[in-house]
Amino acid sequence: MNAIEISGLRKSFGHKQVLNDIDLTVPAGSVCALLGPNGAGKTTAVHICSTLLRPDAGTVRINGYDVVSQADSVRGAIGLTGQFAAVDGLLTGRENLQLMADLRHLPRKAGRARVEELLEQFDLLDAAAKPLSSYSGGMRRRLDLAMTLVGGTPGTGETSTAAGTSVIFLDEPTTGLDPRSRATMWDIVRRLVDDGMTIFLTTQYLEEADQLADRIAVLDGGRIVAQGTPTELKRLVPGGQVRLRFSDTDALADARRALSGHDLRAGSADLTLTVASDGSFGSVRSIVDRLDAAARVDDISIATPNLDDVFFALTDSNSTVAQEVSR
Ligand SMILES: Nc1ncnc2c1ncn2[C@@H]1O[C@H](COP(=O)(O)OP(=O)(O)OP(=O)(O)O)[C@@H](O)[C@H]1O
């Protein structure tokens, strides 16, 4: 079953068309990352999916519910981070969560149990009695995500029943966080997926999409310009390289001669050379064989395209990959 089904979605602000005929499906229990440059329309898409904005055309269904005609059912099924930015800084983390449990009309005892469970799940027990104003950015982000889940039924697995939150929208969940806080957030996201949640996240960190997402959709100029698994997207971009480093210019010149006929480029540092290669064993061996007798190599490394390469290739209108994909 699909948790999110977006079909023919369009949205303009004034004369500016922000989303232009978007189709996207996200299977239940998976993680989809929406990537795009600044202003691509990621937040707009998230706001439409979470009923905060109305689409101009097209349909969006969450767990089968239409975001326009069945908005209340959609709201009951989703969590959206970022919406509790105005939580009370004088209250403690525990009190903020308790406030949310009261707002959601959880019975007193069940509410308390849920709050403690979330504090533990989100690594906030030590800070639970401290005022929110003393929290770091990472702790605030975790509390924010915990607050979206207060309404769910306690106990792992049950949070993903139709009665509770089962689809979570994370709009740039780790922007501005240090690497350790980011890794903690990634662990939390993985645990939520293990519990059966569907995650739709926007991010400007390609590594985050690579780490977390089952599928990635790249949004550019109002359209989805490519989508697939991280591996499928990386295959769109040629550009594997064997990088060679030499101890002196003679060795470098010898290597250039030995590898004539290969696609060679000067490396980023002096005395380095990159050779185009698909990274396969055969390709690397042919390079090594040619160098073996001809030149002394100090260091060799193999680099395959990463998501950064894909992203830049797809969102640069001059790139041949972008032109081929949009055809
Ligand atoms: N309420 C609004 N009124 C007018 N224009 C808007 C409104 N909301 C967004 N926009 C415009 O729509 C475009 C897409 O904005 P959006 O915030 O969805 O992009 P984004 O991909 O999330 O960008 P970022 O990565 O910078 O957060 C931008 O050009 C923005 O200025």
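Start at 1 and go down the list; that is how both ligands and their atoms are numbered. Fair warning: this is a prediction, and the values are worked out from it, not measured in the lab. The first residue in the sequence is number 1, and the count goes up from there.
When hydrogens are left out, the protein atom nearest atom 26 (O) of ligand 1 is Asn38 ND2, 3.1 Å; that is the closest non-hydrogen contact. Nearest to atom 29 (O) of ligand 1 among the protein's heavy atoms is Lys16 CE, 2.9 Å. For atom 19 (O) of ligand 1, the closest non-hydrogen atom on the protein side is Gly41 N, 3.2 Å. Among all non-hydrogen protein atoms, the one lying nearest atom 14 (C) of ligand 1 is Gly39 O, 3.3 Å. What sits closest to atom 25 (O) of ligand 1 on the protein, heavy atoms only, is Lys42 NZ, 2.8 Å. In this structure, atom 11 (C) of ligand 1 lies nearest to the protein heavy atom Phe13 CD1, 3.9 Å.
Residues Val60 and Ile62 meet the side-chain proximity criterion, which asks for heavy atoms closer than 4.5 Å. For the pair Arg10/Asn20, a side-chain contact is recorded, criterion being any heavy-atom separation below 4.5 Å from C-beta on. Considering only heavy atoms from C-beta on, Ile4 stays 4.5 Å or farther from Leu24 through its side chain.
Of all the heavy atoms of Gln204, none lies under 4.0 Å from any atom of ligand 1, so neither backbone nor side chain is involved. When non-hydrogen atoms are compared, ligand 1 lies under 4.0 Å from the side chain of Val18 (C-beta onward) but not from its backbone.
The CG atom of Leu19 sits 11.0 Å away from atom CZ of Arg223, with the distance rounded to the nearest 0.5 Å. For the atom pair OG of Ser181 and CZ of Arg140, the computed distance is 13.0 Å after rounding to the nearest 0.5 Å.
Nearest-residue assignment for atom 27 (O) of ligand 1 (options Ile48, Thr43, Leu34, Leu19; heavy-atom criterion): Thr43.
Where the criterion is an N or O separation shorter than 3.5 Å, residue side chain and backbone included, Ala40 meets it with respect to ligand 1. Close N/O approach between Gly36 and ligand 1 is not found [any backbone or side-chain N/O within under 3.5 Å].
Per-atom contact check: atom 8 (N) of ligand 1 touches the protein, criterion being a heavy-atom distance below 4.0 Å.
Those atoms of ligand 1 with a heavy atom of Thr44 less than 4.0 angstrom away are 15 (O), 16 (P), 18 (O). Counting the atoms of ligand 1 from 1 in the order shown, those under 4.0 Å from a heavy atom of Glu172 are 25 (O).
One hydrophobic cluster holds both Trp186 and Leu192 under the rule that ILVMFWY side chains link at heavy-atom gaps under 4.5 Å.
Side-chain contact annotation: Asn2 with Thr25, donor-acceptor N/O pair under 3.5 Å absent. No hydrogens or angles considered: nothing links the side chains of Gln70 and Ser73 as a donor-acceptor pair under 3.5 Å. Thr174 and Glu208 are linked by a side-chain donor-acceptor pair at a separation below 3.5 angstrom, with hydrogens and angles left out of the test. With no hydrogens or angles considered, no side-chain donor-acceptor pair links Tyr135 and Arg142 at under 3.5 Å.
For the pair His47 and ligand 1, no heavy-atom separation below 4.0 Å is found.
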